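This report refers to the structure that appears directly beneath it.
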Amino acid sequence: MKPAVFLTRMLPSPVMHRLKTLFDLKYNNHDRPLTKTELVRGMRGRPALISMLSDPIDAGVIESNPRLKIIANYAVGTNNIDLKAASSRGIIVTNTPGVLTDATADLTWSLILTLARRVPEGDRLVRTGRWTGWDPTQLLGTDLNGKILGIIGMGRIGRAVARRAVGFGMRLIYHNRRRLPVRVEKKINASYRPLSRLLATADIVSLHIPLTPETHHLINRRVLGRMRSTALLINTARGPVVDEKALADALKHGKIAGAGLDVFEDEPAVQKGLITLPNVVLLPHLGSATIETRTKMGFMVIENIQSVLRGKPAPDAVNRRPLKEPATAGAE
Ligand code: DGY
């Protein structure tokens with residue numbers, strides 16, 4: 001008998017094909033996220049759930065299915081899942097690290113370039129028929145060559161962004177929870193800075209940190225006030241890392257020069273103050289959105305489910321060793 005799996009959104013067709021071949025697959029075939037009631041109903045009695053970053057998998061959802069063994073999140077971030085609730089019930093949570101690193105780094109650079117060279121403004125000018133011809137002072141952007149890129153979060157994606165900076169002749173500084181070994185710093189040509197110094201010196205600040213209680217609103221009004229008035233802020237990590245209202249105010253009042261955002265605090269809603277500003281580029285969470293990457297992510301999800309349902313360790317488990325039974329006194 002094929003194992004029963006519930007999938008909350010349709011995935012690229014090579015992944016759907018493999019899922020249908022390997023599993024007794026039930027899935028949401030509407031082009032929208034499920035409500036909590038639909039999600040709970042859909043996953044009932046199934047040992048495997050494939051969730052999206054847009055599905056809140058809280059304790060209530062987890063507890064609704066006593067047969068659940070694995071939540072395979074189709075994303076690298078797992079902030080949408082109550083990991084504690086999953087662990088306490090012996091449920092493995094997995095993610096998709098590595099395969100989306102390059103796609104997300106590429107998208108970060110598309111935001112940097114479009115913002116620095118005012119690409120959306122130029123596109124709008126041409127499309128709306130308001131372009132009257134070449135103009136020596138029209139839509140002047142800013143050079144990247146020789147400028148300072150400040151990366152906050154030097155994990156896989158931060159480093160991939162750093163590697164690409166070399167090609168654009170940028171100088172690199174970074175901040176990370178833990179400073180990298182000097183040999184790694186040398187390899188990626190980046191110098192460590194305390195957060196406040198990075199913010200005060202970088203021409204472009206790019207965020208590559210996970211969303212945790214510690215990083216929520218890391219970029220707030222006070223922090224934005226420390227940035228250069230000519231600086232650009234890029235966020236391809238998670239929306240709530242930035243206080244969006246404070247960012248809209250900072251942009252409006254010229255405290256910083258621009259922002260490129262792929263993620264938002266309350267997706268798909270976007271702070272109204274941001275929509276009308278010309279100095280922002282807004283994307284609908286496209287970090288991993290290439291056919292190759294989304295296909296690889298799907299295959300990783302499948303591998304993790306197969307391992308867990310065969311009683312093997314999941315290659316990409318993110319929660320600590322789940323506790324099947326509550327720990328007893330004296331247990332390690
Ligand atoms: C992730 O996997 O966390 C990315 O945000 C997806 O685009």
Side-chain angles (χ1 to χ4, degrees), residues 7-12 14-15 28 31-34 49-58 70-83 86 92-112 114 151-161 164 177 206-216 218-219 233-242 244 259-270 281-305 314-319:
L7 165 67
T8 65
R9 290 296 287 268
M10 283 200 282
L11 300 179
V15 183
N28 165 22
D31 197 16
R32 61 164 176 82
L34 296 173
L49 167 67
I50 305 174
S51 54
M52 307 297 121
L53 59 87
S54 45
D55 298 317
I57 312 292
D58 59 20
I70 172 167
I71 303 167
N73 210 37
Y74 185 70
V76 69
T78 49
N79 53 288
N80 57 309
I81 301 172
D82 186 335
L83 293 180
I92 310 269
V93 177
T94 63
N95 69 344
T96 60
V99 290
L100 47 73
T101 301
D102 286 318
T104 309
D106 288 349
L107 192 90
T108 303
W109 275 96
S110 26
L111 280 174
I112 294 174
T114 47
I151 294 181
I152 302 181
M154 263 297 189
R156 284 192 193 85
I157 299 173
R159 290 181 211 193
V161 171
R164 286 154 173 77
R177 222 166 7 139
S206 192
L207 305 173
H208 302 287
I209 42 180
L211 174 61
T212 64
E214 292 75 39
T215 61
H216 183 264
L218 178 80
I219 306 298
L233 177 74
I234 308 293
N235 188 8
T236 55
R238 283 291 181 267
V241 164
V242 177
E244 230 170 70
L261 307 173
D262 184 43
V263 288
F264 301 90
E265 267 202 85
D266 187 22
E267 296 176 12
V270 177
V281 179
L282 308 169
L283 295 181
H285 204 147
L286 294 179
S288 63
T290 69
I291 181 65
E292 295 89 346
T293 296
R294 291 274 167 93
T295 302
K296 284 185 209 150
M297 288 165 67
F299 290 166
M300 259 177 123
V301 157
I302 291 174
E303 211 186 312
N304 279 290
I305 293 177
D316 305 297
V318 295
N319 47 350

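Every heavy atom of this structure was used, including side-chain atoms; hydrogens, water molecules and symmetry mates were not. The shown structure was predicted, so the numbers you read here are calculated from the model rather than taken from an experiment. We count ligands from 1, going down the list as the structure has it; atoms in each ligand are counted the same way. Residues: numbered from 1 along the sequence shown.
Between T96 and K296, every side-chain heavy-atom pair lies at or beyond the 4.5 Å cut-off. In this structure, L282 and F264 have side chains that are in contact, with non-hydrogen atoms separated by less than 4.5 Å.
Surrounding CZ of R9 are more than 12 heavy atoms belonging to other residues, nucleotides or ligands, all under 6.0 Å away.
In terms of N/O distances under 3.5 Å, ligand 1 is not approached by L53.
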I'd like to know whether V242 forms a side-chain contact (heavy atoms from CB on, under 4.5 Å) with E265, so could you lay out the CA-CA distance, the side-chain angles of the two residues, the decisive distance to 0.1 Å, and finally the verdict.
CA-CA 7 Å; V242 177; E265 267 202 85; over 6 Å; no
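In terms of protein heavy atoms, atom 3 (O) of ligand 1 is closest to R238 NH2, 2.5 Å. Scanning all protein heavy atoms for the shortest distance to atom 7 (O) of ligand 1 gives S288 OG, 3.0 Å. Among protein heavy atoms, the minimum distance from atom 2 (O) of ligand 1 is reached at V76 N, 2.6 Å.
With ligand atoms numbered from 1 in the order given, ligand 1 contributes 4 (C), 5 (O), 6 (C), 7 (O) to contacts under 4.0 Å with heavy atoms of H285.
A side-chain contact (heavy atoms from CB on, under 4.5 Å) with L107 holds for exactly one of L286, I112, I234; it is L286.
Looking at D55 and T8, their side chains do bring a donor and an acceptor atom within 3.5 Å of each other.
Contacts of T96 with ligand 1, taken as heavy-atom pairs under 4.0 Å, are absent altogether. Counting heavy atoms under 4.0 Å from ligand 1, residue L100 touches it through the side chain alone.
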